[in-house]
2 protein chains.
Amino acid sequence: MRKGEETRAKILDAAEAAMLAKGFGATSIDELIVETGITKSGFFYHFRDKNELAKALLERYIENDERIYDEIFGRARELADDPLQAFLIGLKLLSELLSDLPNGHPGCLVATMCTQERAFDREIQEMNRQAALMWRRRFGAMFRDIMQVYQPREALDADQLADMVSTVLEGGIVLSKALKEPKSLPDQLLVFRSFVRLLFQPAA
Amino acid sequence: MRKGEETRAKILDAAEAAMLAKGFGATSIDELIVETGITKSGFFYHFRDKNELAKALLERYIENDERIYDEIFGRARELADDPLQAFLIGLKLLSELLSDLPNGHPGCLVATMCTQERAFDREIQEMNRQAALMWRRRFGAMFRDIMQVYQPREALDADQLADMVSTVLEGGIVLSKALKEPKSLPDQLLVFRSFVRLLFQPAA
DNA sequence: TGCGCTCCCGTACCGTCAGTACAGTTTTCA
DNA sequence: TGAAAACTGTACTGACGGTACGGGAGCGCA
């Protein structure tokens with residue numbers, strides 16, 4: 001029971017790294033079992049097929065993602081009472097966290113499964129959708145809190161602003177990878193941060 | 001010669017649609033030859049291997065991409081002398097173009113090849129990088145023109161702002177696909193447009 | 001008329017990979 | 001100590017990427 005979880009986690013670790021680097025199709029089960037030191041039968045004991053591996057992978061990824069956001073924006077909220085300040089601090093903390101990754105962000109599993117959508121079943125596509133909706137709810141609530149205190153200088157919807165956070169993160173990851181410049185992602189997040197500050201800055 | 005080009009284009013058409021929908025790995029050569037009505041030997045006459053197909057695909061995609069940007073921002077420049085107004089009009093035109101795609105943006109090949117980077121050779125990764133750099137040059141020049149006339153309200157670098165255009169486009173595509181909401185991409189572009197307007201709006 | 005070139009077909013084959021089937025073995029924990 | 005959990009081993013199937021190579025239709029040209 002305990003051992004099973006451990007092996008399962010080892011497979012997921014190897015799979016996540018490989019999938020983010022090479023994509024779903026280019027990652028073979030054979031290579032995963034070599035890396036984790038089990039046999040093919042062992043692999044299929046844990047996962048019925050490759051699709052179920054992808055599902056477990058995505059599930060774990062999203063949970064971890066949520067945990068990180070909880071921590072960062074929770075900490076930011078401790079540092080400032082004002083919702084705008086807290087959000088700006090959160091973006092800064094997130095940018096710093098992303099800067100500290102030596103090889104840049106490893107990639108977002110949600111994005112990789114989006115760009116290869118038809119390779120996966122409906123269940124995975126729905127998990128992806130729910131993840132994006134959770135981001136919208138999370139950041140949307142923050143923007144609504146901010147709007148209770150500050151009047152935006154442009155009439156923008158809280159949900160659209162929330163989606164902008166996801167957009168900048170996902171787009172930043174793509175751009176960073178394309179340019180091979182890890183710094184681009186945290187930089188783009190800071191540009192967005194400037195925009196948010198400008199948007200809610202009281203008219204002089 | 002003429003016939004060869006035609007067949008080649010037909011393969012590329014089928015491949016592009018399939019790759020954007022399913023990803024690289026999930027697109028089989030067998031299915032491409034069925035769709036284009038040629039044989040396997042015929043396919044390998046045109047492309048040495050799958051990687052070379054990807055290269056030709058990316059090349060064609062980037063050229064087309066550049067052409068579209070040339071048209072849209074060229075047209076925008078005709079409609080307004082002021083560089084800021086021209087850029088804002090360009091973003092609006094681009095947003096409208098993206099809105100008019102019935103099934104949403106089919107996906108960016110640069111992004112799909114980024115999320116599967118190790119599956120491709122260095123040449124393709126370099127093409128991807130050059131494409132992103134071209135976007136930076138293109139939009140960077142526009143922001144520099146704008147900055148000659150308008151003082152930004154936040155100290156932001158023209159190149160970082162240029163990267164923001166790419167970021168919003170790539171991120172918007174990912175988000176649109178994840179959410180299954182084609183409208184998200186053009187919406188996000190308009191949110192970014194508001195930010196740009198706000199950034200260069202003369203202080204009241 | 002026939003030569004050569006482009007463009008493609010047909011066939012046979014190889015290695016890799018996902019996945020199946022199932023019997024047997026070790027490990028773990030109650 | 002015994003049953004369940006966690007594997008191993010072997011043998012196979014079918015799809016796919018890719019190779020090899022001979023052949024042939026159509027076309028331009030001398």
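We use all heavy atoms of the structure for the numbers below, so side chains are in, but hydrogens, waters and symmetry mates are not. Chain naming here is simple, since letters A, B, ... match the order of the sequence lines and numbering starts at 1 in each.
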With a 3.5 Å cut-off and no angle check, do the side chains of [X] and [Y] form a donor-acceptor pair?
X        : Y        : value
A/Glu96  : A/Ser99  : no
B/Thr167 : A/Gln188 : yes
A/Asp65  : A/Trp135 : yes
A/Asp145 : A/Tyr150 : no

Handout entry: Sugar-phosphate only, base, or nothing, as touched by B/Thr36 at under 4.0 Å among non-hydrogen atoms
Key =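 It contacts nothing in the nucleic acid.
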
Exercise for the section: Give B/Ser41 one of three labels, base, sugar-phosphate or nothing, depending on what nucleic acid heavy atoms sit under 4.0 Å from its own. Expected result: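 Since a base atom lies under 4.0 Å of B/Ser41, the category is base.
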
Can you check the [X] [atom1] to [N] [atom2] distance for me, whole Å?
X       : N      : atom1 : atom2 : result
B/Lys40 : C/dC7  : NZ    : C1'   : 19 Å
B/Ile33 : D/dG17 : CD1   : C1'   : 11 Å
B/Tyr45 : C/dT6  : OH    : C1'   : 5 Å
B/Met19 : D/dG17 : CE    : C1'   : 12 Å
B/Phe43 : C/dC8  : CZ    : C1'   : 14 Å
B/Ile29 : D/dT19 : CD1   : C1'   : 12 Å
A/Phe47 : D/dC7  : CZ    : C1'   : 14 Å
A/Lys22 : C/dT16 : NZ    : P     : 15 Å

Practice task
Examine C/dC7: is either OP1 or OP2 under 4.0 Å from a nitrogen or oxygen in the side chain of B/His46? Give yes or no.
Solution key: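 So the side chain of B/His46 is outside the cut-off, no N or O lying under 4.0 Å from OP1 or OP2 of C/dC7.
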
Handout entry: Residues B/Arg122 and B/Glu126 bridged, charged N to O under 4.0 Å
Key =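 Salt bridge flag = no for B/Glu126 with B/Arg122.
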
Handout entry: Closest nucleotide among C/dC17, D/dC16, C/dG19 to the B/Asp30 side chain
Key =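 Out of C/dC17, D/dC16, C/dG19, the nucleotide with an atom closest to B/Asp30's side chain is D/dC16.
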
Exercise for the section: When you get a sec, tell me which of C/dG19, D/dT8, C/dC17 is the closest nucleotide to the side chain of A/Thr39? Expected result: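 So the side chain of A/Thr39 is nearest to D/dT8.
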
Practice task
Answer with yes or no whether B/Lys50 presents, from its side chain, a donor or acceptor under 3.5 Å of a partner atom in the base of D/dG18.
Solution key: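 Not at all, since no donor on one side and acceptor on the other fall under 3.5 Å apart.
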
Problem - 5′-ward residue of the pair A/Arg48/B/Arg8 relative to DNA chain C - result: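 With A/Arg48 and B/Arg8 compared, the 5'-side residue is B/Arg8.
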
